[in-house]
Amino acid sequence: MRLVAKFGGSVLRDAEGYRRAAKVVKELKENSKVVVVVSAMKGVTDSLLKVSGRLPRDWRKYVEALRLRHMKVLEELNASPKRFKEVEELFDELTKVLWALEILKESTPKTRDFVLSFGERLSSRLMAAALEAEGISAEAWDSRDAGIITDENFSEALPLYDIIEKEVPERIEPLLDEGKVPVVTGFLGSTREGTITTLGRGGSDLTATILGSALRADEVRLYTDIDGIKTANPKEFPDAVTIRELSVEEAIELAHLGAKRLHPRTFEPVLRRHVDVRVLSLYEPHGENTLISYGKRGPMLKAVAIMNGLSIITVKGVGMVGYKGVAAKVMEAASKVGANIFAISQPISELSISLAVKNTKAGQVSNAIKNVMEGSGISVETYVRKGVTAVSVVGRGLEEPDYVAEAFKPIAGSPVLMLSKGPLDLSLTVVTTEKSSRGLAKKFHDLILDEMKSYYGEAK
Ligand code: ASP
Ligand code: MG
């Protein structure tokens, strides 16, 4: 078997976290070749962000605090002098870079990515030390050495899959054949010229799936602090359970709804090469977990998500009926003010169009729409309803014509302000009042739990 095991910042808090991760790798290695991907230690990317923009006067203090934290882990892991030296060198480099940026008063997306890269680069050395303490021969690699090549869109760089799929196996396979464990920095990429880029916050999961698909791994394992992806946020719904299996499409839908801090592009490589991804807890690696794979699977409904703090903007007027291009104007107005549209709805009468946007953008969007409409001589009224909530239910059943009506049933009794569901959507979104949102979400959640029971049978 060939596995990619990624350890997130949430479980890499201290030496104990690295030790646990190394023990898991040791076990996996008994019958698999393993590539390890690491995030920065918990909170380190956030600290680096503070010194990656305009430098605070006391930036040296931040760096010193980070240095002590990393050194402590190395000490507790009884790391070799080589690893101490590597970490010291990285801190020297970081100090020099920040000093130069201070003098130059420079901060660009490129310099920011470079500063942020230290989190994962340091973490990979700590993980190598932890593996060595378990008697495993490890090699800490920056993503550029591993062949993770991206475009030059610093801070949100896009992986260049054609190059990656050629480079990664060429570089990593020889190491695996020698029985070594490569420890690759998550979150980072490199341009073709070798300049460091980042893949966007939370991008280590994406690094893992990129490597998994390029290496045609049997499975990519994302080790985190919870036992899989849940049917609902357990803080809001204590009866939420782990979703045992998800299709990639459902996982993508959930990632975009903000589930489990998943990077929205995590599953892109999975679609390319159909590699399986498992989300599991580092604390209970043999406990419940979520398997994400290609193709329909599992119960009809999987999860419910709540998005608060939205507003509905409605444009209404007989002037709109049959006028071609009104919808385009409305959307354009929203995009001009940089508003993200979360849901759209238009009845077939064409008498109105409604958009859901963040509360903070509502005023700007409605003004922009008024201006555009006036400019085009279309007379409309614009209404803003602030403080609404979107409740979404996700699952393959929403794509099944014979099932979809079931998913609508829980809506009865709740105020419906807006509905959104297209033929290819694996989610149904109901925009309702903030007050009713929890009750509605609970009804959806109860239906999800029922669907699970009937799919897997009562006895777990
Ligand atoms: N360290 C990066 C972040 O905090 C990447 C990651 O953790 O996935 O966003
Ligand atoms: Mg993370």
Side-chain angles (χ1 to χ4, degrees), residues 4-14 17-18 20-21 35-53 62-63 65-66 69-70 73 87 90-91 94 109-128 130 140-144 146 148 150 153-159 183-190 196-213 220-226 229 251-252 254-256 258-270 277-282 292:
V4 175
K6 176 258 172 179
F7 299 94
S10 62
V11 292
L12 300 177
R13 294 160 184 264
D14 48 24
Y18 286 91
R20 264 181 207 273
V35 177
V36 171
V37 176
V38 284
S39 291
M41 279 183 87
K42 167 101 183 154
V44 168
T45 306
D46 289 326
S47 301
L48 289 169
L49 257 181
K50 292 198 184 104
V51 294
S52 74
Y62 284 87
V63 175
L66 285 178
R69 213 179 140 194
H70 286 83
V73 174
V87 168
L90 282 168
F91 275 104
L94 175 61
K110 189 173 179 174
T111 65
R112 276 201 293 279
D113 277 7
F114 193 74
V115 172
L116 291 185
S117 77
F118 284 87
E120 271 70 13
R121 288 159 75 199
L122 287 161
S123 182
S124 65
R125 273 66 184 183
L126 304 191
M127 183 62 86
W141 270 13
D142 287 357
S143 325
R144 51 181 159 185
I148 300 188
T150 68
N153 188 13
F154 293 97
S155 88
E156 285 284 345
L158 291 176
V183 182
V184 181
T185 52
F187 179 51
L188 312 179
S190 158
I196 290 183
T197 56
T198 64
L199 305 172
R201 290 306 302 269
S204 298
D205 291 340
L206 177 56
T207 308
T209 54
I210 290 173
L211 289 173
S213 74
V220 174
R221 298 207 169 163
L222 307 176
Y223 289 92
T224 172
D225 56 351
I226 47 168
I229 300 177
I252 291 174
L254 270 174
H256 283 272
K260 219 244 98 253
R261 302 154 291 179
L262 281 171
H263 188 296
R265 287 209 314 273
T266 301
F267 300 105
E268 234 170 52
V270 183
V277 178
R278 204 182 283 276
V279 179
L280 60 181
S281 161
L282 178 62
I292 299 151

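Both counts, for ligands and for their atoms, begin at 1 and track the order of listing. All heavy atoms count here, side chains included; hydrogens, waters and symmetry mates do not.
- Under 4.0 angstrom from ligand 1, the non-hydrogen atoms of S204 come from both its backbone and its side chain.
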Q.
Determine whether D14 and R20 satisfy the following criterion, salt bridge (charged side-chain N to carboxylate O under 4.0 Å, His left out), listing intermediate values before the conclusion.
A. CA-CA 10 Å; D14 48 24; R20 264 181 207 273; over 6 Å; no
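- The backbone N or O of V183 lies less than 3.5 Å from no partner atom in the side chain of S124, so there is not a single donor-acceptor pair.
- Cation-pi geometry between R121 and F114 is satisfied (NZ or CZ under 6.0 Å from the ring centre, within 45° of the ring normal).
- Distances shorter than 4.0 angstrom do not occur between any heavy atom of G9 and any atom of ligand 1.
- Side-chain atoms of S143 come within 3.5 Å of backbone N or O of T185 as a donor-acceptor pair.
- Taking any N or O of T45, backbone or side chain, at least one lies under 3.5 Å from an N or O belonging to ligand 1.
- Rounded to the nearest 0.5 angstrom, H70 NE2 and F91 CZ are separated by 5.0 Å.
- Residue contact annotation: E120 has a non-hydrogen atom under 4.0 Å from ligand 1.
- Under a 4.0 Å criterion applied to the non-hydrogen atoms of S39, ligand 1 contributes the atoms 6 (C), 7 (O), 8 (O).
- Here's the thing with F187: none of its N/O atoms is less than 3.5 angstrom from an N/O atom of ligand 1.
- Contact atoms of ligand 1 toward R201: 3 (C), 4 (O), 9 (O) (distance under 4.0 Å to a heavy atom of the residue).
- For T207 (side chain) and F187 (main-chain N/O), a donor-acceptor pair under 3.5 Å exists by modelled atom type.
- Residue contacts with ligand 1 include G203, since one or more of its heavy atoms lies under 4.0 Å from the ligand.
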